[in-house]
Amino acid sequence: MRVTVTGAGHVGLVHAAAMAVIGHQVTVIDCDVSRIKGLQEGVVPFHEPLLREEVVRQVNGKRLRFTLGARDAYGDAEVVFLCVGTPPRDDGSANLMAVENAARDIRKHAPRHCVVVEKSTVPTGTAERLLSALNYGRNDLHVASNPEFLREGTALRDTLNPDRIVVGTSTKLAADVLRDVYRPLIDSGSRYIETSVATAELSKHASNSMLAMRISYMNALAEVCDRTGADVERVAEIMGADPRIGPSFLKAGLGFGGFCFPKDVAALAHTFTQNGVSSALLDEVLDINERAVRSVFRKIESALWHVEGKNVVVFGVAFKPDTDDVRFSPALKLVEVLTESRAHVSVWDPAVDSVRVGDRDVFPHTDLYEAARNADVAVIATDWEQLHKLDFFSLSVEMSGREIIDARNFLSESEILAAEAAGFTVTGVGR
Ligand code: UGA
């Protein structure tokens, strides 16, 4: 089928590559000229395992191409997936300007009965507005909602082996077209859930907020553990053993970040309020998340007495491992708070080349021990696998202090023993 993807960001590029892998003829359009030019030369503008190789393979196989022209992108599209950004406004609501701009081009160029699919996360009710924006002066375009559930770092794998494909439609034609689009994945056993457009839209915010809520719940419990001597890691293990709860997303630490959870919880809170439902539950999820960074800062402070003038090495600045994404990263927030408190902060991260802290660019070290030179305290802020290879004796030679704050409860018991044998004191979160 002829598929167009609007937006060459994380969601769009991964989705486009996956659509090509399952046999469709895919065109990607983006208004960012340098991004499209780069992609035409095989340059993927962010770090995502396996994506570059797949993009190059699909381009060479002539199933994937990139364009800047709206007529070229939409002129013969059977389906258009909208994967444009929907960033948060100050009040938590989503800014849908990019969706509206894309709708204008699609309305002008798309062939009759093209199905336009919301793939970007949008508030419930967006489809109605989109439908009227698309059909201004015509009345044949269809709108569907097909939220994506991929995780950065495992995005391509998640998209090609989804635990569910959710499709919300209001016309038979749109339902048939989307079933055809996903036929290869349905035939290989993926769960395909068909529903109304509003239900599909809401299910995305509801899922992300539920996961964020679990994390904040664990972080609130961690605060209690810190005061009572209970161990939040064991509490999580015991809770997770109940099949009704399950073990995932129960990791306490520095809190959640990235471009999805913080914005989606805020957007759902906004939807609650707009519909006369109290958003207190969701507001508290965000509050606890902010407290998590402050609580780690206080642990650093208590290890150092005064932070000002001290050398702190922060291991990891990405919002989670296997990505170079620092948007809403709690690790970055911690670096900012430390810097504002006049600590000398050195950063290590294996994927992030540079990051803006206040008014200056910071270039993370790629060598752990170099980053740690003369540090009074080391903080594990992102749970990068590489940190499991830490040699604590080499670290102790480089550092001047003997404190490790494990803000992700990342170190295993044997690693903590190894650190202690090298003279370190390890402080975790709620353990
Ligand atoms: C999240 C969802 O997991 C995806 O299903 C969804 O499709 C995506 O948002 C999206 O809306 O696009 P992602 O933002 O890539 O995916 O990251 P996650 O792996 O979910 O992690 C989010 C944050 O929570 C990270 O900062 C991570 O460190 C933190 N986290 C995760 C915890 O603090 N504790 C946990 O137990 C799990």
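Counting starts at 1 for both ligands and their atoms, following the listed order.
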> Is the Lys NZ or Arg CZ of Arg179 less than 6.0 Å from the centre of Tyr192's six-membered ring, within 45° of the axis?
Replying inline: no
Give the table of side-chain donor-acceptor pairs shorter than 3.5 Å for residues 246-258, with sequence neighbours excluded, one pair per line with atom names and distance.
| from | atom 1 | to | atom 2 | distance (Å) |
| --- | --- | --- | --- | --- |
| Lys251 | NZ | Glu233 | OE1 | 3.0 |
| Lys251 | NZ | Glu233 | OE2 | 3.4 |
| Lys251 | NZ | Asn409 | O | 2.9 |

>> Can you confirm whether the side chains of Tyr369 and Asp391 place a donor and an acceptor under 3.5 Å from each other?
In response: no
> Can you pull the side chain to side chain donor-acceptor pair (under 3.5 Å) pairs that have at least one residue in residues 39-52, sequence neighbours excluded?
Replying inline: His10-Glu48
>> Show me, by chain and number, every protein residue that has a heavy-atom distance under 4.0 Å to ligand 1.
In response: Glu148, Phe149, Leu150, Arg151, Glu152, Lys204, Asn208, Ile215, Phe249, Leu250, Lys251, Gly255, Phe256, Gly257, Cys260, Phe261, Asp264, Phe319, Lys320, Arg408
> Is the closest side-chain donor-acceptor distance between Tyr74 and Thr27 under 3.5 Å?
Replying inline: no
Which pairs of donor and acceptor atoms, one on a side chain in residues 332-345, lie under 3.5 Å apart (sequence neighbours left out)?
| from | atom 1 | to | atom 2 | distance (Å) |
| --- | --- | --- | --- | --- |
| Thr339 | OG1 | Val335 | O | 2.6 |
| Ser341 | OG | Val337 | O | 2.8 |

